[in-house]
Peer 1: 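One structure is given below, represented as structure tokens, and several questions about it will come after.
Please read these numbers as outputs of a predicted model, since none were measured by experiment.
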Amino acid sequence: MHNMSAARRTVLSLVAVVVVAAITYSAYWRYAAGKLREQLAPWAEARAAEGYLVRWDKARISGFPGAFRIDFANLNVGTLRPLPVAISAGAASAWAMPWNFRHWEFTAPQGARLLDPTGTSGFAAHHLDGVLDVEGRTATQLDITALDVAGIGLAQGIAVGDAEAHIELPATPPQSHSDMALGLSLQVDHATLPTVPGFGDSLSGFTLAAQFKGALPPGPFVQALSRWRDNGGTVDLQSLRLRWGALLLDASGTLALDGALQPEGAFSAIITGQDAAVDVAVMTGTLKPDAAGAVKTLLGLLSQPNAEGQNAVTLPMTIENQRLYLGPAKIADIPPIRWH
């Protein structure tokens, strides 16, 4: 009997501990949820001072007991610095575990839209998921997966099955033109583009890694771009890999803006399937047909087998005066960017 009484007291004690812990946790969760609700608007105001505009129509806190979940209606996120874009989602949710408010997962199950500052081009994703990690004094990292992406406006005609992006923001704004303002990695497995003779309409692979360097100053966007350029701001293209039809391009270099705020840059390009690029240059009128044979012969002499055993040529590639050059030959005209 004595042993049974002791066992019963032990069980009752354990039950009491569990009940007290559950009550304590429930009180903590409700308190934390209340504070989270109270701090949402002040948090958005603080982000506005940093160049991020976050607005929503309604926000609801839920997720008890395993998480803190915020469901937004008509969420709009606009960034002024370091790069201006506008993102909107009719419905979006974000959630974090109770023990880690530096790691948030989010989703826009009904899709999201991204537009450039002028509103003339952008992309709409049928579904979007992501993860946001805030690493204190080091950086903020954002990973996004977008499904069934379609071009809008000037980008109409572009369709992407899925795309993955990794964005890194330093904890402190850049102090000079050599400091990173934003790091971006992008991967697209397959995309449909407007048909280009010689290449078709299928992009079978695209990856990019770049760093935007130098702070974009405050003020109207066009004036800010001019000051960013004058202060030495550049885009460090660490790697770009594109496979389009028979053409495989690997490039790296530096991109900037000229006096008319149009792109200019110098790159090193490794090209496989260079004959196809020559054919396209002839089709588009940037290379005379009687010069094509000589160009192909010259590129053939310069080519070397790559890791896959295919002939590849390494050439300088430049963008200047809205023209794209491969070595000394102009291969394309670049439409002007209208920033207004």
Peer 1: Checking side chain to side chain contact (heavy atoms under 4.5 Å, CB included) against V160, which of D148, V149, D189 comes through?
Peer 2: V149

Peer 1: Check the surroundings of atom CZ in R47: do more than 12 heavy atoms from other residues, nucleotides or ligands lie under 6.0 Å from it?
Peer 2: yes

Peer 1: Between N231 and H177, does any side-chain donor sit less than 3.5 Å from a side-chain acceptor?
Peer 2: no

Peer 1: With a 3.5 Å cut-off and no angle check, do the side chains of H190 and S202 form a donor-acceptor pair?
Peer 2: yes

Peer 1: Counting only heavy atoms from other residues, nucleotides and ligands, does the tally under 6.0 Å from NE2 of H166 exceed 12?
Peer 2: yes

Peer 1: Could I get the full list of ring-ring contact (aromatic ring centres under 6.0 Å, His included) partners for F221, not counting sequence neighbours?
Peer 2: W339

Peer 1: Mind checking what makes side chain to side chain contact (heavy atoms under 4.5 Å, CB included) contact with D258, not counting sequence neighbours?
Peer 2: A260, Q262, E264

Peer 1: Can you confirm whether the side chains of D143 and Q141 place a donor and an acceptor under 3.5 Å from each other?
Peer 2: no

Peer 1: Do other residues, nucleotides or ligands put more than 12 heavy atoms under 6.0 Å from the CD atom of Q156?
Peer 2: no

Peer 1: Kindly compute the distance separating CG (N76) from CG (D57), expressed to the nearest 0.5 Å.
Peer 2: 8.0 Å

Peer 1: In terms of the angle between their ring planes, are F68 and F101 parallel, tilted or perpendicular, with boundaries placed at 30° and 60°?
Peer 2: tilted

Peer 1: Working to the nearest 0.5 angstrom, can you tell me the gap between L216 CG and L225 CG?
Peer 2: 6.0 Å

Peer 1: Could you state the interatomic distance from CZ (R60) to OG (S93), rounded to the nearest 0.5 Å?
Peer 2: 8.5 Å

Peer 1: Take a 6.0 Å sphere around CZ of R69 and say whether it holds more than 12 heavy atoms from other residues, nucleotides or ligands.
Peer 2: yes

Peer 1: I would like to know whether D129 and T107 meet side chain to side chain donor-acceptor pair (under 3.5 Å); could you show each step before the answer?
Peer 2: CA-CA 4 Å; D129 294 309; T107 185; 2.6 Å; yes

Peer 1: So how far is it from T234 OG1 to Q211 CD, rounded to the nearest 0.5 Å?
Peer 2: 9.5 Å

Peer 1: Is there a path of hydrophobic side-chain contacts, each under 4.5 Å between heavy atoms of I, L, V, M, F, W or Y residues, that connects W43 with W95?
Peer 2: no

Peer 1: Going only through I, L, V, M, F, W and Y residues with side-chain contacts under 4.5 Å, is there a path from I61 to M97?
Peer 2: no

